[in-house]
Amino acid sequence: MPTKAVITGWGKCVPPVELTNADLEKLSDTNDQWIVERTGIKSRRISHVDGTDLAELAGRRALAAADMEPEDLDLILVASTTPDLICPSVAAMVQERLGAVNCAAFDLNAACSGFIYATANAAGMIESGFVKKALVIGAEKLHGVMDYRDRSTSVLFGDGAGAAVYEAVEGEAGVLAVDLGADGSKGHTMVLKSMGTNGNVFNSLPPEEMALHFEGQAVFKIAVQGIAASVTRVLENTGFSTEDVDVVIPHQANARIVDAATRLLKVDEEKVFSNIENLGNTGAASIPMAISDALDSNRIKPGDIVVLSAFGGGVTWGSIVMRWGERTERLKLHDGELPPTDAGVFEILEPNLRFFAELHGLDPDAPIT
Ligand code: UT7
């Protein structure tokens with residue numbers, strides 16, 4: 001029997017403070033109807049703590065779900081476009097906090113495709129025998145790089161983290177096929193010059209260069225084609241058709257991108273999982289958070305064929321076909337929580353609003369009404 005990488009634990013960390021469409025209406029010329037119709041998003045979360053805190057808690061929850069001790073891990077791999085710092089990596093900081101003293105740790109950046117790339121790495125190491133137990137985390141604090149008065153980007157993104165424990169298991173379940181790709185010639189469509197959300201973000205570059213540069217329409221088209229082509233290729237590698245697929249968990253970029261890709265692929269839309277409405281686009285965190293939510297809502301059954309697919313900056317893309325294992329229930333629950341906060345959403349966004357005010361000819365001290 002071949003050894004495969006099976007998800008045995010999962011978890012997510014959703015910060016408590018919400019940024020609603022009504023809040024965004026106070027910051028730019030946008031409205032709830034436009035945002036819902038064009039993106040499917042009603043609300044997103046804004047983190048009052050570091051991205052590493054989100055990653056750690058998602059990781060602890062995934063370990064509890066697998067009933068695994070941190071010392072048993074061989075690898076922690078964190079996918080993030082918005083690490084606290086470039087070095088040390090989020091993975092190394094999580095390793096220290098968990099006390100996962102027997103494992104390797106590194107970060108990987110493939111933007112919104114990060115969790116797919118990270119899973120491919122972990123699965124490859126498991127199949128080759130280098131690693132037996134891996135914690136793969138997607139974590140983002142995207143709000144740190146947002147100009148909230150730029151309506152073309154600010155409505156999309158949110159913060160959060162999701163995690164999965166992969167274990168070496170002999171049998172039919174686990175990662176069956178991977179399709180990864182990149183096209184650096186289109187890299188200019190999504191550019192982020194920030195040096196880490198706790199790095200010298202607001203002093204290293206002027207505001208006009210600091211915000212996420214994002215060519216929404218171009219990305220939209222590349223994403224739809226890219227996801228459809230990648231899923232087609234990865235299914236061909238397994239010999240499965242779209243009929244054989246039980247659940248599709250796409251990167252939650254925009255509900256319309258997912259709908260358009262679903263139509264191109266001719267997948268029954270009821271098989272496609274979505275949780276974008278109240279989380280927004282959380283970059284590399286979106287797929288592991290969606291896996292956790294899909295399990296909590298009984299959308300995944302033992303033995304199901306599950307397809308993960310993402311598209312992101314770079315540009316990068318990737319898809320994975322896996323056969324789910326025997327268990328869809330957590331073995332244990334981790335009862336830790338993030339530290340509570342009384343901060344309102346505009347208090348948390350205050351550094352962003354102040355930094356980017358001059359770009360919009362605004363007084364940085366003007367109250368938000
Ligand atoms: O995670 C991977 C990376 N990201 C993505 O996958 C996102 C990809 N792109 C998108 O999701 C979409 O392109 C957006 C949501 C960013 C924009 O939606 P769109 O349907 O492509 O809108 P658009 O850029 O074509 O703009 C249509 C109109 C424009 O007005 P005019 O020129 O027609 O008068 C925009 O100025 O909508 C206007 N507009 C807005 N209006 C209200 C753009 N943003 C907003 C807004 N609120 N937030």
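In this text, all values refer to a predicted model and were calculated from it rather than measured experimentally. Note that ligands are numbered from 1 as they come in the structure, with each ligand's atoms numbered from 1 the same way.
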State whether any protein heavy atom lies less than 4.0 Å from atom 19 (P) of ligand 1.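 It does; a protein heavy atom is within 4.0 Å.
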Please tell me if atom 32 (O) of ligand 1 is touched by the protein, where touching means a protein heavy-atom distance below 4.0 Å.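 It does not; no protein heavy atom is within 4.0 Å.
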Residue [X] vicinity, atoms of ligand 1 by number, heavy atom under 4.0 Å:
| X | value |
| --- | --- |
| N281 | 1 (O), 2 (C), 4 (N) |
| H251 | 1 (O), 2 (C) |
| V155 | 48 (N) |
| M190 | 3 (C) |
| T39 | 15 (C) |
| N254 | 10 (C), 11 (O), 12 (C), 15 (C) |
| R256 | 18 (O), 20 (O) |
| V219 | 3 (C), 4 (N), 5 (C), 6 (O), 8 (C) |

Is there a nitrogen or oxygen of W34 sitting under 3.5 Å from a nitrogen or oxygen of ligand 1?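 Yes.
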If you measure every N or O of A253 against every N or O of ligand 1, does any of those distances drop under 3.5 Å?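 No; every N/O pair is 3.5 Å or more apart.
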Is there a heavy atom in S152 that sits closer than 4.0 Å to ligand 1?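 It does; at least one heavy atom falls under 4.0 Å.
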Closest to atom 30 (O) of ligand 1 among R38, R151, E25, Q33 (heavy-atom distance):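 Nearest heavy atom to atom 30 (O) of ligand 1 lies in R151.
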